[in-house]
Structures are given as C-alpha cells and as structure tokens.
Protein chains: 2
Amino acid sequence: MINEIKAIARRHLAAEGANLSLRAVAREMGMVSSAIYRYFPSRDELLTALIIDGYHALGEAAETGDAEVTDRADLRGRWLAVCQAVRRWAVAHPAEYALLFGSPVPGYAAPQETTVAAVRTPATLIGILQDGFAAGTLVDPGPEELTGPVHADLAAARDQLFAGLPEALLARGALGWIHCFGAVSFELFGQLDGLIEAREEYFDHQMRQMADLIGLP
Amino acid sequence: MINEIKAIARRHLAAEGANLSLRAVAREMGMVSSAIYRYFPSRDELLTALIIDGYHALGEAAETGDAEVTDRADLRGRWLAVCQAVRRWAVAHPAEYALLFGSPVPGYAAPQETTVAAVRTPATLIGILQDGFAAGTLVDPGPEELTGPVHADLAAARDQLFAGLPEALLARGALGWIHCFGAVSFELFGQLDGLIEAREEYFDHQMRQMADLIGLP
DNA sequence: TCGTCGTCAAGAGCACTGCTCTCGAATGTG
DNA sequence: CACATTCGAGAGCAGTGCTCTTGACGACGA
C-alpha cells in the first residue's frame, strides 16, 4: 500500500515537477485524500520517504557503474564511470534529482536518515581513491594548503567515514564529487540552455579535467 | 508601485522561502490580492522580474568584487575575489540565489530576458581570462581534448560573447564558473550540513584548487 | 457645469491545496 | 456472538492563484 503510494507519487513527481499533490495521488488511487494520512502522517513525510529512496537509487546506480569496470586498477576509468552513472540517473529522473539536490523546501528540515543515505554516492567515489591509496597508485599529496579549520573538518569526516585516507586525497575526492554535482545541477537546472547542446560530451570533458586535477592517472 | 511590490516580495522570499504568496504580499500592502494583477499579469511574471533583478544584483556584486582588486594584472587575485563575491551575495540572499540557480519551477519556462541577465556573472569571470590572454600572461593551452560537438558549442559561445578568446581558455573559465556555482549550491542547499563547518575557508580552498587547474599564476 | 472616459482597487467566486475530525463499514479475534 | 481494530469516506477549515464584475475617483472636453 505505502509502496503503491510512493510509486504513484514518483510518477506524479516526474510528470508535474516539484509540487506534488497528495489529493492527486489519492485521486489516482481511487481514494479520498484523507485516506493517505493512514500511511503517511504528512506530505513532508512522504517526501522524506521519496528522498531516502532516491538517495539509495542514485547510490546504487553509482555503485553498479563502478562495479561494471572490470579492471579494478583503472582508477580513472572507474571514477569516470561513476560520474557518468550519476549523470545518467539524474537525466533519467530529473524531478527526483531536484528533490535530492535542488533548493530545499522552506519549512522542511532534512531528518538524520536522509543524510546517511546521501553519503552513499560520494562514498563510492572516494572509495576509488581509497583503493588507489591502498594499492600505492595514489600517494598522499601532502597537507597542501589546507588551513586549520578545514583541516579539522576533513579530519573528522575522514575518521568517521574514510578511515586511513590522507586528508589531501579526501579533499580532492570531495572536490571531484562537488564538481560532478555542480555539472549535473548546472545542466538539469537549465543553466546550459542555449549555450551547450552536446551535454553528455561536455560533461565527460569536465569530468576528465577534474580527474586530472585529482591526480588520477 | 511595482517597485514596492517587488521589495515586499523580496522580503517575503527571504523570510518564507520559495513559496511566495501573492495574497500575503497584497495583505502587507493593505490591498486585496486582485489589485496586484494591475501591475503583474501573473505570479510567474512577478517571479521573472525578481529573477532578472537577482541576476543583475549578483552580476553587480561580481563586478565590484573584481573592480576592488587594484592590481589588474593579478589574475588569480581577481578570479578569487569574484568567486568570493558570488558566494557572499549568495549567502546573504539565499532565497534569491535558490530562485536563480535552484530547481526550476515546473510550469515555468525562463524567458529570453533572464538568460541575457544570467550571463553577466560568468562574463566577468571569463573577462579576467580575456585580460590575461590579451596581456600575454595566459597562453592558449591548445585544443586539448575538446571533442567535436563540444568544440562547436564552445566556438559558437566564444564568437557570440567572448570574441578572440581561445576555446580552451573559455572551456577552463566555464569549468571554474561551474565549480563556483556547484560549491555555492552544495553549501546553500544543505549538502555540507554536518560535514564541513568552516564553510568560507573550504570554499576558498576549492576556488584555489580550481585556479590552479585553470592555470592562473 | 455636465458628461465621458481611464485608472484603480474592492469583492465575490471558482477550483485547488494540506490537513483534521468524525462516523460508518468491514474484518478479524476472543 | 460480541468486541476491537483497521480502513476509508465525507465534511469542513484555512489557505492558494486567478477571473470577473462593480463601483469610486479624477482628468478631460463640450
């Protein structure tokens, strides 16, 4: 039942965009709007459920994108494959992507559950760097210019999620993930309209540039 | 009159978030909601006006950020100054930033006027690269790996907006602009929550990394 | 001075939204 | 058989964007 509600809500989200109507979902189920409240205490809770599902769907797309690269030592190929998988999922599910990464809804505060699901995709990306560091392919670039406060934040994140990874490599991975997010959002949110038509190629070009900066051979 | 409406709408936007209510604006003006329709044919038109104003406000912030660097030959300093100015404006006006760069409203198609206003900020950034190329500080890095379709898109954009700039430099400038957008959006849309506390320092760190990639000395 | 013509805002109303509350029917369970 | 629980319907509240009609006000020309 709650799965049927979520499925229809996802369909409506894809068709109509962000403004999901409980009443429309109920109507399509042949029910009255108040019946939905048996299964979800509020519209925000429904959105939260969709968000968590979305993070996991994106994370799974990223993980299978990584797993499909047979040469596990090909760090660059794996990195690019994950980025492309992220973009493909986003292009295929633009409304859900906007729900996950777009402007936050005013009254809505993301519960803790969403943030743990959100880390799945960047974790696969940075996991590639961990593999490279463990294999000796990637070396610690040193503290570079990480200033004090940033250093502390990154160290905390490293200890919590990516044990053993040098901070500088974590920083590079985060930089790459943020650019992947930025490039996808830039495209999906209409900023590329009228300027770039070859979107996939342009995205790949950007990811290759970032792979250079990260130091992926 | 229409300026008063826009001012109040901006205030409501900043206070409440994206869901701007015409009736609330009218209420605050001591008018009835239908009176607003004398001045704006629809809510979307009001939003369009706010969007155009927003793009120009951001563009002006970027331009003054650039102009305040006295050493005009300090390309890297100018680039970083513009990026910081963009972030400062965004942090100061998060709802307006979300309106400009966040998830697009479903039924809303951005009119041509908005896209011309939108180009003002990236134009100041890439203008820095133009200055550097004209002065000989920056050299054409060559065609690099720009594949065919991307090459065509970039050439068209170059001819239209940045005459004389080598495509590879334009590509690097766009990469830097997209990362600036990505980093600001990542922060403002809540993706940094619980991970990075030193936001300004982390942003600056990212922009320095990108300045290296772009080749700013 | 009188009549006309725009401009402006008010008000009622339509269709829609999220959400709450109550009530009746169905479905087990002791 | 009687009870309890679950489920959905329905009415209703306060809010939304938007349309249409109505009336007040002021400027202008005859």
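So you know, we letter chains A, B, ... as the sequences are listed, proteins then strands, and number each from 1.
Side chain of R10(A) to main chain of L50(A): no donor-acceptor pair is present (N/O by atom type, distance under 3.5 Å, no hydrogens or angles). A donor-acceptor pair is defined here as one N or O able to donate and one able to accept, closer than 3.5 Å; no such pair exists between the side chain of R87(B) and the backbone of V184(B). For the pair Q84(B) (side chain) and E200(B) (backbone), a donor-acceptor distance under 3.5 Å is absent. In terms of modelled atom types and a separation under 3.5 Å, the side chain of D153(A) and the main chain of E197(B) share a donor-acceptor contact. Between the side chain of T114(A) and the backbone N or O of I52(A) there is no donor-acceptor pair closer than 3.5 Å.
At a threshold of 4.0 angstrom between heavy atoms, the contacts of F40(A) with the nucleic acid are absent.
F181(A) and F186(B) have perpendicular rings, their planes meeting at more than 60° on a 0 to 90° scale where under 30° would count as parallel.
Chain A approaches DNA chain C over the interval dT17(C) to dC21(C), counting the first and last nucleotide 5' to 3' with an atom under 4.0 Å from its heavy atoms.
To the nearest angstrom, P of dA9(D) lies 13 Å from CZ of R27(A). Atoms CD1 (I36(A)) and C1' (dG10(D)) sit 16 Å apart, rounded to a whole Å.
Two residues are said to be in side-chain contact when any heavy atoms from C-beta on lie closer than 4.5 Å; R208(A) and R76(A) meet this criterion.
A search for side-chain contact (heavy atoms from CB on, under 4.5 Å) contacts involving T121(B) returns L58(B), A62(B), V86(B), W177(B), not counting sequence neighbours.
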Find every protein N or O atom lying less than 3.5 Å from an N or O atom of nucleotides 17-20 of chain D, and list the pairs.
| from | atom 1 | to | atom 2 | distance (Å) |
| --- | --- | --- | --- | --- |
| dG17(D) | OP1 | L20(B) | O | 3.2 |
| dG17(D) | OP1 | L22(B) | N | 2.6 |
| dG17(D) | OP2 | L22(B) | N | 3.3 |
| dG17(D) | OP2 | R23(B) | N | 3.1 |
| dG17(D) | N7 | R23(B) | NH1 | 2.4 |
| dG17(D) | O6 | R23(B) | NH1 | 3.1 |
| dC18(D) | OP2 | Y37(B) | OH | 2.9 |
| dC18(D) | OP2 | R43(B) | N | 2.8 |
| dC18(D) | O5' | Y37(B) | OH | 3.3 |

